Amino acid sequence: MTKNMCGIFGYVGKQGNAAEIVFDGLKLLEYRGYDSWGIAVKVKSSKLKVQSDVGKNRFIVEKHVGKIGDAVLNSQFLAINSNLGIGHTRWATHGGVTVANAHPHLDCTKTVAVIHNGIIENFSEIKKKLLKMGHKFRSETDTEVFAHLIEQYLTKEGFTSAVRDAFNQLRGLSAFLVAYSPSGELVAAKTGSPLVVGVGDNEFFVASDAIGILKHTKKVIFLEDDQMVILGKNIRLLELPWGKEINPKYNILEWKFEGAKKGKFEHFLLKEIYEQPRVIKNIALNYSSETKNLASLIEKAFGTFMLGCGTASYAALFGTYLFSKIAKKHINFSIGSEFNYLESYLTSKSLVIPISQSGETIDVVEPIEKAKERGAKIAAIVNVLGSTLYRQADYKILLGAGSEKAVVGTKSLIAMISVLLLTAYAYVGREDLGKKLLLKTAKNVEDILRDSFIAEIKKLAQELKNKEHIYVIGRGLSYAAALEATLKIKETSYIHAEGFAGGELKHGVIALIEKNTPCIVMASNDQTYDDIVSNAQEIKARGGLIVGIGPKDNEVFDRFIETQDLKEATIIPQIVISQLLAYYLALERGIVDPDKPRNLAKSVTVK
Ligand code: F6R
């Protein structure tokens, strides 16, 4: 079986260049998956030379293994006169990355084309039945069964009912786009994973992220689970499973189309690291009422839980430390995927705070659904307007970090930490202090991004580039910074890196230290300083190479990268330095595209 997390794009309308529109849209969504891609367009003319078996009113498909980013679309395909097309960039978790498995998938008659994000759990039983009925399969995917199932229903009913009835047979969380050449219609339906419908002037776009659509229109509908939209000459929205017609809720996005421009930067990753001073300043200057509201929800709640995954899970962990330190308030922390096993004690008085860049991470979305069922209040901190978590939440704070294109998270985490820090200060009525601290932090990050400072980090990257392991230790807030530093190093440079709480060393970890093993020490000038320095000494005594990052040098550090003393916000320059170190380690190690690390996808929408 193949599972997919991916980018979806579809077009139906008056323009005759569907292939080009879909191809351009997919490029903007590539960060969602990049192991293969494909496009299907309806052929209007039967005189096409591209493929001899393609007749009028059928679909023709172009599929490739690899990234769409640098691909050039076959010029004959691009020239096809078509006003209906769908495309897909795939990230497979099961099943081969092959041209055959790349989407779109067609039915036997080549009049139904399907793309899919998610998993069809009962695909094998459906496939068995369809095989017995004589359907011919061309791939190993679960997705293809949907195309043939629709074909089967089409023998006795019209297109819309056929899609609805086929869709109702499927189990699992999925988002689909189905194009039908005889009627020239496009249908989108979902039980999970995001789909946004863009409404233009006699034309429609569907994408898994609004950034794919902004170039064409700002009027959108965020499709909800168990809804199906039929797009052709007009728009019809139905509620599933029965197909009751409902009125669409239109949103006008006030976002600017930023395109896929790296500007003067070689990679989005570096560009986004450089955007961080602006992101911090924006939160310092404009988030007073949002953070005060969140602080008051926390005050009223009987138990607050912060959760996120990966980098965002560290934001939640920072939240626990920040609230304890600044607000003297206990906040529970959980990794999103573990929250399912911890939530039995949630009540209608609990407050759950999901933290997520995309707002789509399934390991956060799912526990939030369950928390809602228990009556808990949800206050989401997300970067993407209209995302699933944004829509699930009772209260929401948008991070305002701007779209994050590099797969590894940078500016979104810094925005999350800034919001949490300001909220903790707001909780004790001192948002003025939080604001001042953030403005000072933005200034320090600006200094770090100057050439002379960067030269120091590049030098360290050259020294560490051939190391097999890098360890990072910290205590308190800097422990969470250590975890984030190692995640950045692992996913960007592929060097094995582990982060530990300094106090854990003697409980086993120190056995890993050999002569010249590099160990980065996140040393903030707070109650942790003396203890983390003595941990550094213990490592040094076993031959370790010690790199200190923080405001206060120490003789135990073999190398030292200085930040300002920013109290609780010292973690921000510590993280920025480790982002830069990870980036330059990647370049030193000859990694060609640090924006798209191997095996990863930006939005994790399947479990
Ligand atoms: C790592 C990274 C991931 C994400 C995680 C959650 O650099 O970016 O660990 O933080 O997949 O994603 P969101 O924040 O979209 O929920």
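Quick caveat, the model's predicted, so the values are computed rather than measured. Just follow the structure's listing: the first ligand is 1, and inside any ligand the first atom is 1.
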*Between E272 and K262, does at least one N-O distance fall below 4.0 Å, as a salt bridge requires?*
no
_As an exercise, identify every atom of ligand 1 less than 4.0 angstrom from a heavy atom of G310._
9 (O)
*Of all the atoms in ligand 1, which lie at a distance below 4.0 Å from a heavy atom belonging to S358?*
13 (P), 15 (O), 16 (O)
*What is the nearest protein non-hydrogen atom to atom 14 (O) of ligand 1, stated with its residue, atom name and distance?*
Q357 N, 2.7 Å
*asked:* Please list, in number order, the atoms of ligand 1 under 4.0 Å from a heavy atom of S356.
replied: 13 (P), 14 (O), 15 (O), 16 (O)
_Show me which atoms of ligand 1 lie under 4.0 Å from any heavy atom of G409._
1 (C), 2 (C), 7 (O), 8 (O)
*Geometric cation-pi criterion K396 and Y390, 6.0 Å radius, 45° cone*: yes
_Side chain, backbone, both or neither: the part of E360 lying under 4.0 Å from ligand 1 by heavy atom_ = neither
*State whether the side chain of E498 and the backbone N or O of Y471 hold a donor-acceptor pair below 3.5 Å, judged by distance alone.*
no
*Quick one: does ligand 1 sit under 4.0 Å from the side chain of T311, the backbone, both or neither, non-hydrogen atoms only?*
both
*Would you mind checking which non-hydrogen protein atom is closest to atom 1 (C) of ligand 1, with the distance to 0.1 Å?*
E491 OE2, 3.0 Å
_Aromatic ring proximity H267/Y583, centre distance under 6.0 Å_ = yes
_Pair K459 + E463, salt bridge at N-O below 4.0 Å_ = no
*Is the ring centre of Y345 less than 6.0 Å from the ring centre of F305?*
yes
*Under 3.5 Å, is there a donor-acceptor pair between the E504 and Y479 side chains?*
no
*Between R589 and Y494, is NZ or CZ placed under 6.0 angstrom from the six-membered ring centre and within 45° of the ring axis?*
no
_How far is atom 11 (O) of ligand 1 from the closest protein heavy atom, and which atom is that?_
V604 CG2, 4.2 Å
_Per-atom contacts of ligand 1 with A312, taking only distances under 4.0 Å to non-hydrogen atoms_ = 10 (O), 14 (O)
*asked:* Among all protein heavy atoms in this structure, tell me which lies nearest to atom 12 (O) of ligand 1, with the distance rounded to 0.1 Å.
replied: T361 OG1, 3.4 Å
_Derivation and outcome, salt bridge (Lys or Arg N to Asp or Glu O under 4.0 Å), residues R450 and D447_ = CA-CA 5 Å; R450 287 189 211 294; D447 291 340; 3.0 Å; yes
_Between ligand 1 and V407, can you find any atom pair, the residue atom being a heavy atom, that is separated by under 4.0 Å?_
yes
*asked:* Return the closest protein heavy atom for atom 6 (C) of ligand 1 as residue, atom name and distance.
replied: C309 O, 3.2 Å
*asked:* Within the structure, is a non-hydrogen atom of K488 found at a distance of less than 4.0 Å from ligand 1?
replied: yes
